[in-house]
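Worksheet: the structure to be examined is printed underneath.
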Amino acid sequence: MASSGVRNGGAGHRMSTKLDRQGFGATPKTAAGKQRLSSASAAAGAYRRTSSGPLPAAGAARASSDGVSSRVRVAVRLRPRNAEELAADADFGDSVELQPELKRLKLRKNNWESETYEFDEVLTEFSSQKRVYEVVAKPVVESVMEGYNGTVMAYGQTGTGKTFTLGRLGEEDTAARGIMVRAMEDILSDITPETDSVSVSYLQLYMEMIQDLLDPVNDNIAIVEDPRTGDVSLPGATVVEVRDQKSFVDLLRVGEAHRVAANTKLNTESSRSHAILMVNVRRSVKGRTEMDVSVSGENGHSSSMMGTLRPPIIRKSKLVVVDLAGSERIDKSGSEGHTLEEAKSINLSLSALGKCINALAENSPHVPVRDSKLTRLLKDSFGGTARTSLVVTIGPSPRHRGETTSTIMFGQRAMKVENMVKLKEEFDYKSLCRRLDIELDKLIAENERQRKYFDDEVERIRAEAQCRIAEAERECKITLENEKNKYHQEYLDSIKILEEKWKIHQQSPKKQTKEAESTSNDGEVHNLLQNEKMLRQSAEDEASDLKNQVSHWKKMEATATAEVVKLRKMLDTEASQKEKLEEEIGVLRSQLLQMSMEADETRRSLDKGDGPGKIFPGLDSLVSQTRSSQPREQSNGPKQPIAKLFEQVGLQKILSLLESEEPDVRVHAVKVVANLAAEEANQEKIVEAGGLTSLLVLLRSSEDETIRRVAAGAVANLAMNETNQDLIMAQGGVTLLSMTASDAEDPQTLRMVAGAIANLCGNDKLQTRLRGEGGIKALLGMVRCGHPDVLAQVARGIANFAKCESRAATQGNKVGKSLLIDDGALPWIVKNANNEAAPIRRHIELALCHLAQHEVNSKDIISEGALWELVRISRDCSREDIRMLAYRTLTSSPTLQAEMRRLGIKM
Ligand code: ADP
Ligand code: MG
């Protein structure tokens with residue numbers, strides 16, 4: 001068996017070393033079994049190896065703008081001897097000898113001569129179905145999954161195993177599964193069900209008629225060619241979407257059954273027809289940045305609209321598996337009962353395929369694709385854009401040497417056909433359109449929602465603003481009205497009081513007798529009234545001013561804060577004016593009281609005629625003279641020395657009258673003494689003569705309210721003098737005053753008593769005794785009366801006491817806590833520290849400052865809440881000296897400082 005050399009096809013070319021020895025497909029044999037078709041990049045890599053890698057396709061692998069050159073791959077498969085052959089040809093050797101490792105096939109011409117052919121793969125009779133799939137079909141399937149069209153086709157004489165290779169379902173034996181089943185398994189395992197789809201059509205081509213094997217009634221399906229792309233399709237064929245392997249196998253079985261049935265009906269056999277399985281794979285490409293879609297604007301500039309307008313990319317590839325009719329020569333098939341014409345028609349497609357392949361192999365300018373339906377259907381598989389694998393099947397029998405030879409030649413020619421594989425990728429405008437529609441609807445809905453929200457929000461803010469404006473206007477109005485009413489009422493009240501008192505004064509007979517004085521008093525009161533009126537007028541003006549400013553403020557919201565500050569200042573001014581007025585009213589009141597007392601006195605003495613006068617001649621004139629001594633000094637009237645009066649009646653005599661049995665006498669006497677005591681010059685004499693003791697006794701024992709009041713006044717006057725203060729103390733005056741304080745009801749009496757004690761409180765030396773005899777307790781007891789005049793005296797007393805204590809402590813004469821605190825004055829102090837009556841408030845503020853100056857008092861000051869008052873005084877007190885005193889006091893006390901830090905109070 002001599003070899004004449006390696007041949008390739010009928011042309012007898014020696015095979016060049018360019019042959020791809022690595023395997024039929026792109027995937028190396030060794031890896032093929034393990035490799036899963038899972039990732040696009042792996043598949044792309046496989047594809048690159050084919051096109052430009054180290055394992056190029058035989059001949060050439062060249063890239064062009066249209067695609068990449070890829071030769072049709074051809075494998076030869078030898079069927080094992082069947083039983084018949086084993087029996088009949090037992091004595092003969094096979095007509096072929098395979099050298100799979102060299103990928104060569106030796107075809108015996110005769111006993112001494114053989115030709116050797118090289119294939120992309122040589123598959124022996126022992127090759128498993130799995131291996132056949134991996135070398136023949138798997139690379140094509142991978143390409144299809146990557147987006148290329150692919151064809152797997154079996155060519156060979158009837159009975160050589162085409163259907164065995166392609167179409168076995170392998171239900172009885174898994175290992176027997178053919179290429180169709182295995183290809184679908186790989187495809188289904190690689191797709192993403194959510195985005196990809198696989199559908200199949202199964203057809204038979206017999207005598208140039210295409211019959212739908214999934215719907216056999218449909219037996220003349222037209223081939224439609226896209227005029228633009230040249231792609232062929234069969235729109236009339238049933239297309240079934242495949243989701244799982246079982247349904248696919250069922251489809252194949254149904255198709256096969258239909259194929260058998262159809263052939264029985266046509267009185268033919270399946271080997272006369274071509275079976276075509278078309279698998280359409282549609283995949284969407286994810287995660288790839290595609291070129292931008294440029295939109296030309298009106299101004300001619302193109303604006304890039306990344307993302308939204310970029311259409312998704314889809315790949316629509318097709319795997320065509322063709323189980324060709326038997327390739328045996330016509331004359332042989334003719335023996336099966338068909339006429340030559342029939343036989344020609346039967347095999348028209350097959351011979352047309354041979355012609356096309358010849359033309360392609362020889363690079364002939366004309367390829368007769370249109371000669372048959374088969375060549376039209378396979379237009380893309382040979383000389384087109386698909387990746388194509390052909391398996392040629394041969395039998396071992398020398399009896400069929402001729403057929404075997406022609407099959408081998410077909411395969412050799414097919415190996416020369418070059419395809420230009422091309423990615424079947426396109427923009428999915430439909431899905432872009434759908435996506436944009438959805439997007440648009442979403443945006444419309446969102447826009448509507450936002451619009452509504454915006455409108456609601458505007459409405460809400462508007463309503464809120466109106467509410468606030470209305471609220472502010474209402475509050476302003478109320479505040480203004482209240483302020484106005486308050487001031488108005490206060491002015492009316494004070495004027496009324498003044499007028500009433502003036503009236504009383506006018507009616508008094510004293511008016512006629514003391515015209516000169518009255519005139520001067522008239523003028524004074526008149527002036528005061530005038531002042532009052534003017535002040536009231538100015539206050540009203542201020543109020544209306546405020547009103548204007550407030551309405552102005554309403555309009556000018558931006559300057560509102562400044563206006564409020566201004567208003568506050570004005571209110572402060574008002575308040576201080578009011579304070580001044582109150583003080584003046586206080587003075588006026590005391591003057592009026594004095595006058596009314598005198599008028600009362602005069603009236604009584606006139607009413608009584610000469611009664612008391614007869615008993616105590618000279619007293620009346622003394623009364624009237626002492627009574628008028630002060631005013632007269634102010635007027636230009638004749639001034640009578642008091643000493644003369646004493647001489648006339650005798651002080652002792654007057655004092656003795658204090659103990660008279662006659663109540664009226666006592667009243668007169670005490671008034672005289674009180675008037676005398678008002679004169680500093682008389683005080684010493686009164687005290688020396690025992691007047692003080694008498695007054696104190698009277699104060700304590702008298703049942704008459706007037707007597708007690710006047711006596712208390714007298715004592716208070718006497719208590720202004722330091723010497724007298726000592727004497728009052730020495731004579732147990734404090735105890736007496738304290739008792740009076742606890743019994744008396746009349747506010748004026750209490751005022752006098754409180755005044756007396758307050759005076760004593762101002763004496764540094766008497767502090768301890770005064771307190772020891774209950775002076776402070778008595779003072780504090782009187783606050784029960786609540787009359788502002790009384791409270792003012794109490795406050796004054798406390799302030800005096802605190803001041804003396806503070807002085808003593810500073811000089812080192814006093815240690816320990818304040819006696820005021822010991823006697824429980826602090827709560828009252830705290831309670832009244834912000835009393836609205838200015839005299840009370842001022843005294844208490846001072847008292848607090850004095851107390852706080854000594855660390856020893858700090859604990860009580862903190863625990864009783866006086867610290868807050870001190871802080872307030874240091875901030876708000878309208879009198880700067882007190883404010884500064886409070887500030888200094890607070891800042892110099894470590895204990896108070898620490899407490900303020902703890903409470904977070906900042907100075
Ligand atoms: P074809 O389709 O080419 O006419 P078949 O596939 O029908 O041929 O095969 C004919 C017979 O040969 C069948 O009985 C088949 O089982 C058997 N056969 C074909 N190829 C093989 C093989 N490689 N191994 C074992 N039996 C085979
Ligand atoms: Mg067959």
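Atoms considered below: every heavy atom in the structure, side chains included; atoms not considered: hydrogens, waters and symmetry mates. Start at 1 and go down the list; that is how both ligands and their atoms are numbered. Source: prediction; values computed, not measured.
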What protein heavy atom lies closest to [atom]? Include the residue and the distance to one decimal.
atom                    : value
atom 8 (O) of ligand 1  : G161 N, 3.1 Å
atom 16 (O) of ligand 1 : F164 CD1, 3.6 Å
atom 19 (C) of ligand 1 : R79 CD, 3.2 Å

Problem set entry | Side-chain donor-acceptor contact under 3.5 Å, E328 with Q157 | no
Exercise. Does the side chain of D186 pick up a donor-acceptor pair with the side chain of Y133 at under 3.5 Å?
Worked result: yes
Relative to the heavy atoms of [X], which atoms of ligand 1 are at a distance of less than 4.0 Å?
X    : result
T163 : 2 (O), 6 (O)
Q157 : 3 (O)
P80  : 21 (C), 22 (C), 23 (N), 24 (N), 25 (C)

For this session: Give the C-alpha distance, both sets of side-chain angles, the deciding distance and a yes or no for salt bridge (Lys or Arg N to Asp or Glu O under 4.0 Å) between E113 and R108.
Result: CA-CA 6 Å; E113 208 180 3; R108 287 205 185 89; over 6 Å; no
Any ion pair linking [Y] and [X] (charged N to carboxylate O, less than 4.0 Å)?
X    : Y    : value
K379 : E225 : yes
K424 : E146 : no
E118 : K103 : no

Exercise. Taking side chain as C-beta onward, heavy atoms only, is D196 less than 4.5 Å from S284?
Worked result: yes
Is the closest heavy-atom distance from [X] to ligand 1 below 4.0 Å?
X    : value
G156 : no
G159 : yes
T393 : no
T158 : yes

For this session: Taking atom 13 (C) of ligand 1 as the reference point, report whether a protein heavy atom occurs under 4.0 Å from it.
Result: no
Exercise. Do you see an N/O/S atom of T163, backbone or side chain, under 2.8 Å from the Mg ion (ligand 2)?
Worked result: yes
For this session: Taking all heavy atoms of I210 and all of I223, pick out the closest pair and write down the distance.
Result: CD1-CG1, 3.5 Å
For this session: Have a look at ligand 1 and work out which part of R77, if any, has a heavy atom under 4.0 Å from it: side chain, backbone, both or neither.
Result: side chain
For this session: Look only at the side chain of S364 and the backbone of A359, and say whether a donor-acceptor pair between them is shorter than 3.5 Å.
Result: no
